[in-house]
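Inspection log for the structure reproduced underneath, given as structure tokens.
Lettering of chains follows the sequences in order, A, B, ..., and the numbering in each one begins at 1.
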Amino acid sequence: MKNQYHPADIEPRIQSLWADEGVFEVDEVEGVDPYYCLTMFPYPSGRLHMGHVRVFTISDVVARYQRMQGKHVLQPMGWDAFGMPAENAAIKNGVPPAQWTYQNIDYMRGQMMRLGLGYDWRREVTTCTPEYYRWEQWLFTKLFEKDLVYRKNSIVNWDPVDNTVLANEQVIDGRGWRSGALVERREIPQWFMRITDYADELLTSLDALDGWPDPVKTMQRNWIGRSEGVEVCFGLDDALQPLLADQGGALKVFTTRPDTIYGVTYMAVAAEHPLAVHAAADQPELQAFLAECKQTESAEAAMETMEKKGMPLGIDAIHPLTGERVPLWVANFVLMSYGTGAVMAVPAHDARDHEFATKYGLPIQQVIDALPGDSVQLDSEAYLGKGRTINSGEFDGLEFQAAFDAIADRLARDGNGERRVNYRLRDWGVSRQRYWGTPIPIIYCDDCDAVPVPAADLPVVLPEDVVVSGTGSPLKDMPGFLNVDCPQCGKPARRETDTFDTFFESSWYFARYASFDQTRSMLDERAEYWLPVDQYIGGVEHAILHLLYARFFQKLMRDTGLSSASEPFTNLLTQGMVLKDGRKMSKSEGNTVDPQGLIEEYGADTVRLFMMFTAPPEQALEWSDDGVAGAFRFLRRLWRAVAEHVEAGVTDGNRPSATTSEQKHLRRKTHEILAKVSDDIGRRYTFNTAIAGVMELLNAVAAFTAENDADQAVRQEALETVVLLLAPIVPHITHELWHGLGHETAVVTQAWPALDESALVRDEIEIVVQVNGKLRARLQVIASADKDTLERLALADSNVQGFVGDKPVRKLIVVPGKLVNIVV
RNA sequence: GCCCGGGUGGCGGAAUUGGUAGACGCUGCGGACUUAAAAUCCGUUUUCCGAAAGGAAGUGAGGGUUCAAGUCCCUCCCCGGGCACCA
């Protein structure tokens, strides 16, 4: 082998070899152990960024490690190809979104290959192709038949100058990003999927996802937000009842605290609520306020942080238990689209109600007594504890659950309320008023209303030769697309021009990789072979939405008979971001580092090694140019260590025996590190500590002098171990070094090395001695030393004696194999 | 505002089940090799006291539990992610 490490000479050659031999192409073989390793597919934004490199490398290391464990590994790659950036690029440069997207895909695919990522490229999936999206159109029409999709009005951000719908991202400080106009909330009809029908299953089946990180499961639980409470009907004067005829002429609210119902001192409704609109009819100030309420963006963060404002409507509701009149207010923080668009307010026992009541001088009525040890200071804040009821008429003196039950029962008996389970989760709005997405397969007919496109007419192909202006979808101006006969009655009708939320495509692509070339159905039996995904890897930012939608889709596909799995991803690894100078690496921050230049300068292995060494995968990774140089230096040192060894003569690679203490020491180090790295990669996914371990082993090799054949054999074993342990992380250099060490086979086909337990045995161990918990001495003792011996040796140590002196020993703690703590 | 993370040397990080804080790497400093540079190698690098042996302090802040706390509990501060139309 050559003396010098030149990655540019070896990497492309080895990559071609893998491609020519189809090393990473896998089919469905019975009698082997399949392993499906998947990375969240990227949006083809132009070029790979460091976040991509990181997540792809993590996944590739896992896939290659599992191969070495004897698994039959599938690792596919594809493109989440629909989305806004293509439209923005089209507006800016006049290039049609499709062309821009496909160019980006070609470039980025080349970059992935140059990183040495082991994908089965035959299975590449691109979501903007009709071959892909036809199946989600088909599924949508199936779900339409099953009443799992429906249409209702819902709120969008409307830019009144550009006359277009804005994404939350395009609203900056309440104004349109291009026009600068104040954004309005506008209601338009949109398609929804009944994810709330699956809320309970999505929640309970989280418990069985042992391979998911707890924080992600907690976030999903909180997002679904199951709560048990009561839907309470507040009465209305006769004249107002017709306004809420659909709610039985009463004002319905949901509460999880029916025990506080005697503390209701006002109620609040949304600006769009019929009672608010009615009351505003003859009150210009109120009308102005309702208009103001609509001039806020719809994002929840904006709603929650804005100043809470309200106005009295001048009408009352009637308390269902006391019969007292309760004033109605309109408030900007109540949303018509959540629940019933109205809330009961208990300022004494709810923080937001307290703040609002204080601001507007509304009464605060305490109805819950403090729990022991608490104090109630209603002047300054609400009391949220679940104490006994007071000031609650016949319900006084009850503890929380008793009060809850008694009041709920009473309301139910009177026909004024019902126990209900409520979810924070809302149905998924999938309509987007954008061009570059999957056409929603619906036809609107004046007679038949919304009709799904028949399966035989699918796919509804998105026209690709378009000019994008930035004000509304170009589909609206394309008669060839728009005009169509109604599939039911044959009369002239119009196509839906909205497209699907791009989360739609990313909610099932993991299944399509298995059946990538199937033209007759969405999935086939190959999906049964591979699903569920064994290891899914992607950014934390997807912890809720994408992962929840994908779980939902898997259940939909199960209930449509397409797959038998209930969950899509058995194990999940969420990887942190790549930062530079403490900030997210991004174009807008202007602090990006282009992976391409680094690959050219140092090679793919160095980039991969740096990414895996610098931080554990779940944490943010701080970029460092010096760190990359350090990674390269390590590979060069490794190359040289192997080259020098090879020059001295390779051995047969059989397990050597150790006689000298130097040989024993190196063999022990070799197998200790092997055990550690196996655990770090296989169980803990802490690739950084795995690499640190290998570095330690290489340092031990460097400190070892081989003087004879026996030494040489021990060093061969150590170096082969180093090469195999690093093979998943730096696959090119280890390919060369493996050959250099005398092997004919390719390292990519090698098995993970086997541990020799006998090499781990130690004769002596170090014991730490503490006095009152402070380290005072270290003792070398024989490994078999018993408790008494340790105590005696510890007390005999001169430094320990200095601290113990003639003080009486009050306690003596011995942790076998570790430490002795003397308490005086 | 709400939910979920994180905070340890000059820097990235390690410490896996409450048991030696700082593994491994980077940077800096000193040295070797060299005509020189690059590359490489050796030493050193938490702070303070000390010639050394050794000692004291130390894991965002403040309290607590324990023989023992970076790790567990309580309160607070700061940073990051998500908040349903960015992907």
### Query
Expressed as a whole number of Å, how far does the P atom of B:rU27 sit from that of B:rC11?
15 Å
### Message
At 4.0 Å (heavy atoms only), tell me whether A:R424 reaches a base, stays on the sugar-phosphate, or touches nothing.
### Response
base
#### Entry: Outermost RNA chain B nucleotides near chain A [under 4.0 Å, heavy atoms]
B:rG1 to B:rA87
### Pairs touching residues 78-91 of chain A that satisfy side-chain hydrogen bond (donor to acceptor under 3.5 Å, both in side chains), sequence neighbours left out
A:W79-A:E124
### Listed once per pair and sorted, the salt bridge (charged side-chain N to carboxylate O under 4.0 Å, His left out) pairs that draw on residues 675-703 of chain A, sequence neighbours left out
A:K669-A:E696, A:K676-A:D680, A:D679-A:R683, A:D680-A:R684
### Message
Applying ring-ring contact (aromatic ring centres under 6.0 Å, His included), can you list everything that pairs with A:Y43, at least two apart in sequence or on another chain?
### Response
none
### Message
Applying side chain to side chain contact (heavy atoms under 4.5 Å, CB included), can you list everything that pairs with A:R221, at least two apart in sequence or on another chain?
### Response
A:L203, A:L206, A:D207, A:K217, A:T218
### Same-atom distance (C1') from B:rA57 to B:rG31, integer angstrom
32 Å
### Query
For B:rG62, what is the paired nucleotide under Watson-Crick or G-U wobble rules, both distances under 3.5 Å?
B:rC74
### Query
How would you label the contact of A:T305 with the nucleic acid (heavy atoms, under 4.0 Å): base, sugar-phosphate, or nothing?
base
### Task
Please give the nucleotide sitting opposite B:rU20 as a Watson-Crick or G-U wobble pair, both distances under 3.5 Å, or none.
none
### Task
Could you measure between the two C1' atoms, the one in B:rU8 and the one in B:rC24, and give it in whole Å?
16 Å
#### Entry: Between A:F687 and A:F613, ring centroids under 6.0 Å
no
### Within residues 537-551 of chain A or reaching into it, pairs that qualify as salt bridge (charged side-chain N to carboxylate O under 4.0 Å, His left out) - sequence neighbours excluded
A:R551-A:E567
### Summary
Sequence neighbours excluded, the answer for side chain to side chain contact (heavy atoms under 4.5 Å, CB included) partners of A:Q4 is A:H6
### Message
Need the pair for B:rG5. Rule: Watson-Crick or G-U wobble, both distances under 3.5 Å, any strand; none if unpaired.
### Response
B:rC79
## Note on the structure
Per the under-4.0 Å heavy-atom filter, residues of residues 626-634 of chain A near RNA chain B come out as A:D626, A:G630, A:R633
### Message
Syn if the chi torsion is within 90° of 0, anti otherwise; quick check, which is B:rG9?
### Response
syn
### Task
State which residues pass side chain to side chain contact (heavy atoms under 4.5 Å, CB included) with A:K294; sequence neighbours excluded, sorted by chain then number.
A:E272
### Message
Would you measure the distance from the P atom in B:rU75 across to the matching atom in B:rG5 and give it in whole Å?
### Response
15 Å
### Task
With C1' as the reference atom in both, quote the distance from B:rU71 to B:rU16 in angstrom, rounded to an integer.
11 Å
### Task
Please confirm whether A:F504 and A:Y133 have ring centers closer than 6.0 angstrom.
no
### Task
Could you give the distance separating B:rC29 and B:rC74 at their C1' atoms, to the nearest angstrom?
45 Å
### Query
If we call it a pair only when both distances are under 3.5 Å in a Watson-Crick or G-U wobble match, what pairs with B:rG25?
B:rC11
### Message
Work out how far the P atom of B:rU65 is from that of B:rG55, and round it to whole angstrom.
### Response
28 Å
### Query
Partner of B:rG30 by Watson-Crick or G-U wobble geometry, both contacts under 3.5 Å, or none?
B:rC42
### Inter-nucleotide C1' distance (B:rU20, B:rG58), Å rounded
15 Å
### Check: A:Y132 ring centroid to A:W508 ring centroid under 6.0 Å
yes
